[in-house]
Amino acid sequence: MNEDLIKKTAQAIRRSKKVVALTGAGISVESGIPDFRGPSGLWEKFDPMEYATIEAFIANPEKVWAMLKEMGGLVERAEPNPAHLALARLEKMGHLNSIVTQNIDNLHQAAGSKRVIEFHGNSSRLLCMSCGRTYDRQEVVLDALPPRCSCTGVLKPDVVFFGEAIPWKAHIEAKEEAGTCELMLVIGTSAVVAPACDLPLIAKRAGATIVEVNLEETQLTRYVSHWILKGSASGLLQALVDQIVSAGQGS
Ligand code: APR
């Protein structure tokens, strides 16, 4: 772990009036949820063109729900890990303004984070494709697939499939946060999916410092980020919080 870069990042966070975090699947890997494009990622097992586009869902909801049910089990059993807890702590300490997450697993909220912008929705809610009624995931039994609304419409997780628009409110809020922050932490995302991958660029153009936290370099590392903390999200974010706390005690 690069102590100097941890110290530099902690200092930059303490000096910033507004810090925003953008998170991706990598932050939840240590909670037992695979990412999408890694060696044992979800898209290694399920072709996203067959399971993750809105066209595929409409054409064969039963097939797509079989994958969703399998993934849903993993998500429901998952607990926040030290990375989620570290961000919740940073928020509580007044060093983090908001989290824009691409994740649909509700783990930031479960860790205690208050200001979470759900850029790709949240799988703990289901939405009727016909009447628009929403259900809490827990109140729906997944015996017969696809699950159906009382109006007989097909229920879909309230998440963004490829081919669907980003929820308007989340899109506006995320762009606002990116355009007004002084530092953006970009954690556990390959930054290949738009428009989420544009947010660090919006932030940089607005003068923000961009710090990546990832096991490996991404597209952003070369073209957008000021520096990268390379390693696991839980270890690095924990070390960052410890550094900020001890620096705070020293000042
Ligand atoms: N700590 C830090 N980074 C990690 C860890 C970890 N423990 N494990 C994996 N990573 C990194 C990987 O190196 C990779 O860069 O997290 C990233 C995960 O990238 P993806 O699998 O592409 O996930 P993400 O960027 O969130 O995908 C974006 O694509 O499939 C769609 O809608 C889905 O929201 C998702 C979007």
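Order of listing sets the numbers, starting from 1, for every ligand and every atom in it.
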Which residue and atom name correspond to the protein heavy atom nearest [atom], and how close is it?
atom                    : answer
atom 24 (P) of ligand 1 : Thr189 OG1, 3.8 Å
atom 19 (O) of ligand 1 : Ser190 N, 3.3 Å
atom 1 (N) of ligand 1  : Ala233 N, 2.9 Å
atom 32 (O) of ligand 1 : His120 ND1, 3.6 Å
atom 9 (C) of ligand 1  : Asp35 OD2, 3.5 Å
atom 26 (O) of ligand 1 : Ala25 N, 2.8 Å
atom 3 (N) of ligand 1  : Leu215 N, 3.4 Å
atom 10 (N) of ligand 1 : Gly26 CA, 3.6 Å

Query raised in the report: Based purely on interatomic distance, does Trp43 place a nitrogen or oxygen under 3.5 Å from a nitrogen or oxygen of ligand 1?
Result: yes

Report task. Consider every N or O of Val193 and every N or O of ligand 1, then say whether any pair is closer than 3.5 Å. Result -> no

[X] neighbourhood, listing ligand 1 atoms whose heavy-atom distance to it stays under 4.0 Å:
X      : value
Phe162 : 30 (O), 31 (C)
Gly188 : 3 (N), 16 (O), 17 (C), 18 (C)
Glu216 : 13 (O)
Val29  : 8 (N)

Would you say [Y] and [X] are linked by a side-chain donor-acceptor pair, where the criterion is simply a distance under 3.5 Å?
X      : Y      : value
Ser31  : Glu79  : no
Arg137 : Tyr135 : no
Asn122 : Asn106 : yes
Thr221 : Glu212 : yes
Thr23  : His108 : yes
Thr9   : Trp227 : yes
Glu118 : Gln109 : yes

Query raised in the report: Looking at Asp35, Asp105, Asn81, which one forms a side-chain hydrogen bond (donor to acceptor under 3.5 Å, both in side chains) with Ser28?
Result: Asp105

Among [options], whose heavy atom sits nearest [atom]?
atom                    : options                : result
atom 35 (C) of ligand 1 : Phe36, Phe161, Phe119  : Phe36
atom 27 (O) of ligand 1 : Gln102, Glu30, Arg37   : Arg37
atom 12 (C) of ligand 1 : Val213, Asn214, Leu220 : Asn214

Requested in this report: Answer yes or no for Lys63 and Tyr51: cation-pi contact, defined as NZ/CZ to six-membered ring centre under 6.0 Å and angle to ring axis within 45°.
Outcome: yes

Query raised in the report: Hey, does Ser232 sit under 4.0 Å from ligand 1 if you only count heavy atoms?
Result: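 Yes.
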
Requested in this report: Say whether Ala83 and ligand 1 are in contact under the criterion: heavy-atom distance to a ligand atom below 4.0 Å.
Outcome: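 Flag not set, Ala83 not near ligand 1.
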
Report task. Give me the ring orientation class for Phe161 and Phe57: parallel if the planes are under 30° apart, tilted from 30 to 60°, perpendicular past 60°. Result ->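 Tilted, since the angle between the ring planes falls between 30° and 60°.
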
Query - Residue pair Leu215 / Lys230: nearest heavy atoms and the distance that separates them - result: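 The answer is O-CG, 3.8 Å.
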
